[in-house]
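Worksheet: the structure to be examined is printed underneath.
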Amino acid sequence: MHDLKKIRQNPEIFKEALKKRGFDYDIDHLLEMDEKRRKLIAEAQILQEQRNKLSKEIGFLLKEKKDANEVIRKVKEISNRIPEIEKEIEELEAKISQDLSQIPNIPAEDVPFGKDENDNVVVRTWGEPRKFDFDPLPHWEIGRISGLYDPERAVKIAKSRFVLTYGALAELERALINFMLDQHTKVNGYTEVMVPYLVNESTMYGTGQLPKFRDELFICERDNLYLIPTAEVPVTNLYREEILNIDDLPKKFVSYTACFRREAGSYGKDTKGMIRVHQFNKVELVKFSLPEKSYEELESLTNDAESILKILGLPYRVILLCTGDLGFSASKTYDIEVWLPSYNGYKEISSCSNFEDFQARRMNIRFKRDRNSKPEFVHTLNGSGLAVGRTVAAILENYQTKDGNVQIPEALREYMKGKKYLFSN
RNA sequence: GGAGGGAUGGCCGAGUGGACGAAGGCGGCGGUCUUGAAAACCGCAGUGGGUGAUGAGCCCACCGGGGGUUCAAAUCCCUCUCCCUCCGCCA
């Protein structure tokens with residue numbers, strides 16, 4: 001959500017930025033509505049002022065037992081005109097905020113111009129994709145051969161695009177969750193938070209899942225609750241409608257949750273395996289930052305997410321999204337993509353974004369520089385650290401052995417009773 | 001699920017339809033006193049919006065949300081949401 005005042009002050013900046021994003025919108029029309037709105041507000045307030053003054057007068061007159069009928073008649077006349085104007089203001093405001101809520105965030109200055117994902121820029125690449133001296137299997141085949149991956153029964157008890165694993169495969173996923181949480185809390189300085197998986201409507205509006213992305217959500221209609229598509233939703237909403245202390249910034253949280261997505265419109269894409277599913281595990285990083293520090297924080301957050309892949313020894317690259325591929329609320333986004341032999345390419349495993357004050361304004365999350373200064377909006381950031389299901393897939397594929405086993409990355413062994421290979425003992 | 005009680009500033013907590021943006025206390029900030037601190041005393045402090053210049057000032061709105069009654073609502077009425085207590089059920 002943008003600040004109407006800022007748009008009013010720098011309309012050209014917004015026009016330019018939206019053009020870069022390929023978003024067509026008539027800023028001038030918005031400003032016309034705003035001007036009309038302000039004129040009406042001034043008008044209504046003058047009438048309210050008159051009404052307030054005369055009403056007080058009535059109080060005095062009655063106290064002194066004097067006749068107030070003439071004044072009452074006058075006030076009534078004034079009061080009658082107020083609702084009309086207010087109705088007009090309300091309609092305008094509804095239209096304005098409706099429009100405003102459709103306008104995407106403006107890209108940061110160093111975001112490359114581009115039309116779609118083909119114009120994204122590779123920022124850095126880490127690790128060499130392994131050269132196999134045998135034909136590597138996709139992770140779903142490895143899982144199936146081990147007998148520990150059971151999509152059929154997942155379909156039976158839920159529906160397609162659900163995952164079910166047993167034994168060592170389940171253990172691997174649990175180990176990864178613990179490893180990631182330990183790394184982010186003990187080494188990278190995040191505070192772990194465990195949050196509700198079901199949230200209310202206001203929370204979904206706060207981070208922008210509603211109203212635009214309703215189709216992507218699982219909904220518990222009876223109780224008016226929604227299953228979270230990412231921990232970003234409950235965690236960023238922690239401080240909705242609050243004013244934070246400047247000394248507490250930045251606030252850094254890491255949260256493991258299951259995530260639920262309907263994946264509407266993705267039929268036929270990534271249908272096999274655990275890459276695109278309705279329920280998956282994710283460890284999420286969320287930061288609340290000072291405005292002037294948020295881009296620094298984005299770099300370190302991205303590094304924190306990368307550190308997991310480095311320690312696990314999984315080759316990856318970091319992509320800077322271009323203006324055309326940027327998500328609705330983000331000012332700048334790095335995608336981290338892990339090497340997957342079955343795709344013979346890189347696949348997204350984390351997306352790290354700075355939203356500047358776009359989400360904070362919507363959620364009204366502010367801080368004060370000191371006692372007497374005006375509250376300002378914080379900047380919010382988040383990124384996966386990492387998507388756990390996809391990390392499982394990456395480990396299976398990248399660490400598979402010729403005889404159908406999977407080597408366990410060194411750092412993970414202490415989380416798996418010291419085992420070196422997944423399917424043994 | 002049943003019965004009842006609540007929601008007021010950073011926190012606690014008063015509040016009679018008319019000078020209430022709201023007593024009092026705690027906490028905060030500034031000062032006096034003190035070598036320093038504490039105590040005591042004095043003073044300052046909400047949020048959003050309109051108009052000014054992103055200043056001062058003036059004005060409007062805000063006592064959980066929405067609606068209503070009234071010249072006038074924190075106060076009366078309706079409604080929704082949330083919280084609490086007791087009973088029932090339950091991991």
Side-chain angles (χ1 to χ4, degrees), chain A residues 1-11 13 30-97 100 194 196-206 210 219-226 234 237-249 251 288 291-292 357 360-378:
Chain A
M1 181 81 83
H2 285 296
D3 183 2
L4 188 53
K5 231 184 217 171
K6 263 193 200 152
I7 299 179
R8 194 193 302 155
Q9 283 159 359
N10 314 293
I13 291 178
L30 181 73
L31 292 179
E32 274 165 36
M33 287 195 290
D34 175 48
E35 206 181 317
K36 194 167 169 205
R37 171 188 142 261
R38 283 182 295 141
K39 225 171 111 187
L40 288 167
I41 286 174
E43 215 174 295
Q45 287 187 351
I46 288 168
L47 291 175
Q48 283 169 320
E49 188 184 345
Q50 289 173 356
R51 181 195 64 191
N52 290 348
K53 279 191 177 144
L54 290 176
S55 282
K56 272 181 190 169
E57 224 171 88
I58 292 167
F60 291 129
L61 288 174
L62 292 180
K63 229 174 228 168
E64 291 166 34
K65 305 233 159 45
K66 285 182 184 161
D67 176 39
N69 286 333
E70 177 56 22
V71 188
I72 290 177
R73 197 191 55 75
K74 236 160 89 186
V75 181
K76 267 188 178 164
E77 209 180 287
I78 292 168
S79 297
N80 284 340
R81 281 154 57 198
I82 296 176
E84 274 172 57
I85 301 173
E86 273 180 345
K87 199 183 154 210
E88 233 176 304
I89 294 172
E90 243 169 70
E91 283 169 6
L92 263 176
E93 275 177 350
K95 182 80 179 69
I96 287 170
S97 77
L100 221 43
M194 214 174 246
Y197 291 4
L198 287 167
V199 299
N200 59 34
E201 209 170 320
S202 313
T203 300
M204 281 296 182
Y205 272 100
L210 290 177
I219 305 177
C220 304
E221 206 163 297
R222 198 160 110 126
D223 297 290
N224 210 5
L225 290 168
Y226 301 77
N237 271 278
L238 277 176
Y239 298 115
R240 175 153 50 90
E241 306 290 343
E242 291 192 36
I243 297 176
L244 301 173
N245 193 327
I246 187 168
D247 299 326
D248 295 337
L249 297 176
K251 276 185 177 283
F288 302 86
E292 62 270 28
D357 63 3
R361 175 169 294 109
R362 203 175 170 121
M363 276 179 278
N364 207 18
I365 306 176
R366 294 171 294 172
F367 74 100
K368 277 190 176 182
R369 295 203 182 262
D370 58 69
R371 201 86 207 156
N372 297 317
S373 56
K374 282 261 165 205
E376 295 172 47
F377 291 108
V378 300

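FYI, side chains are in, hydrogens and waters are out, and symmetry mates aren't considered; it's all heavy atoms of this structure. From a predicted model like this one, the values you see are computed outputs, not experimental measurements. Letters A, B, ... are given to chains in the order of the sequence lines, protein chains preceding strands, and every chain is numbered from 1.
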What is the distance from CD1 of A/Ile46 to P of B/A61, rounded to the nearest Å?
13 Å

Do A/Thr203 and A/Asn200 have a side chain donor and acceptor closer than 3.5 Å?
yes

With rounding to the closest Å, how many angstrom separate the P atoms on B/G9 and B/C59?
25 Å

Taking 4.0 Å as the cut-off, does a side-chain nitrogen or oxygen of A/Lys368 come that near to OP1 or OP2 on B/U47?
yes

Kindly indicate, with the supporting measurements, whether the criterion side-chain contact (heavy atoms from CB on, under 4.5 Å) is fulfilled by A/Asn364 and A/Phe377.
CA-CA 7 Å; A/Asn364 207 18; A/Phe377 291 108; 3.6 Å; yes

Could you work out the separation of B/A38 and B/A45 based on their P atoms and round it to a whole Å?
23 Å

What integer distance in Å separates A/Arg81:CZ from B/C60:P?
16 Å

Can you measure A/Glu242 atom CD to B/G9 atom P for me and round it to whole angstrom units?
14 Å

Spacing between A/Glu241 atom CD and B/G65 atom C1', to the nearest angstrom:
12 Å

Does OP1 or OP2 of B/G50 have a side-chain N or O of A/Arg8 closer than 4.0 Å?
yes

Please determine whether a side-chain nitrogen of the Lys or Arg among A/Glu77 and A/Arg73 lies less than 4.0 Å from a carboxylate oxygen of the Asp or Glu.
yes

Let me confirm one number: the CZ-CZ distance from A/Arg366 to A/Phe288, rounded to the nearest 0.5 Å.
14.5 Å

Rounded to the nearest 0.5 Å, how far apart are CG of A/Leu31 and CZ of A/Arg38?
8.5 Å

Sticking with atom P, work out how far B/G64 lies from B/C71, rounded to a whole angstrom.
25 Å

OP1 or OP2 of B/G48 under 4.0 Å from side-chain N/O of A/Arg366:
yes

Establish, with yes or no, whether the OP1 or OP2 oxygen of B/C71 is under 4.0 angstrom from a side-chain nitrogen or oxygen of A/Lys76.
yes

Select base, sugar-phosphate, or nothing to describe what A/Leu62 touches, counting heavy atoms under 4.0 Å on all strands.
base

If you look at every strand shown and take non-hydrogen atoms under 4.0 Å, does A/Arg73 touch a base, only sugar-phosphate, or nothing?
nothing

Using atom P in both nucleotides, what's the gap between B/U69 and B/C87 to the nearest angstrom?
43 Å

Between B/U54 atom C1' and A/Glu376 atom CD, what is the distance in whole Å?
12 Å

A/Arg38 vs B/U51: side-chain N/O to OP1/OP2 distance below 4.0 Å
yes

When you compare B/G49 with B/C41, how far apart are their C1' atoms, in angstrom units rounded to a whole number?
39 Å

A/Leu40 side, atom CG; A/Glu86 side, atom CD - distance, nearest 0.5 Å
11.0 Å

When the C1' atoms of B/G6 and B/G21 are considered, how many whole Å apart are they?
23 Å

Rounding to an integer number of Å, can you tell me how far A/Glu86 CD sits from B/G66 C1'?
15 Å

In terms of side-chain heavy atoms of A/Pro375, which of B/U47, B/C59, B/G49 is nearest?
B/U47

For B/G1 versus B/U16, give the span between their P atoms, rounded off to a whole number of Å.
35 Å

When rounded to the nearest 0.5 angstrom, what is the spacing between OH in A/Tyr205 and OH in A/Tyr226?
7.0 Å

Closest to the A/Gln48 side chain, choosing from B/C59, B/C71, B/A61:
B/A61

Of the options B/G50, B/C71, B/A61, whose atoms approach the side-chain atoms of A/Ile41 most closely?
B/G50

Categorize A/Leu54 for me: base, sugar-phosphate, or nothing, with a 4.0 angstrom heavy-atom threshold over every strand shown.
nothing

Output yes when at least one side-chain N/O atom of A/Lys5 is less than 4.0 Å from OP1 or OP2 of B/G50, else no.
yes

Which ranges of RNA chain B pair up as stems, where a stem means three or more consecutive Watson-Crick or G-U pairs with both distances under 3.5 Å?
B:1-7 with B:81-87, B:10-12 with B:24-26, B:28-32 with B:40-44, B:46-51 with B:57-62, B:64-68 with B:76-80

Less than 4.0 angstrom from a charged side-chain N to a carboxylate O is my criterion; do A/Asp357 and A/Lys6 meet it?
yes

I'd like the C1' distance from B/G13 over to B/C26, given in whole Å.
10 Å

If anything within 90° of 0 is syn and all else is anti, what is B/G25?
anti

Does A/Lys39 pair with A/Glu43 as a salt bridge, N-O distance under 4.0 Å?
no

Compare side-chain N and O positions of A/Asn52 against OP1 and OP2 of B/C60 and report whether any pair is under 4.0 Å apart.
yes

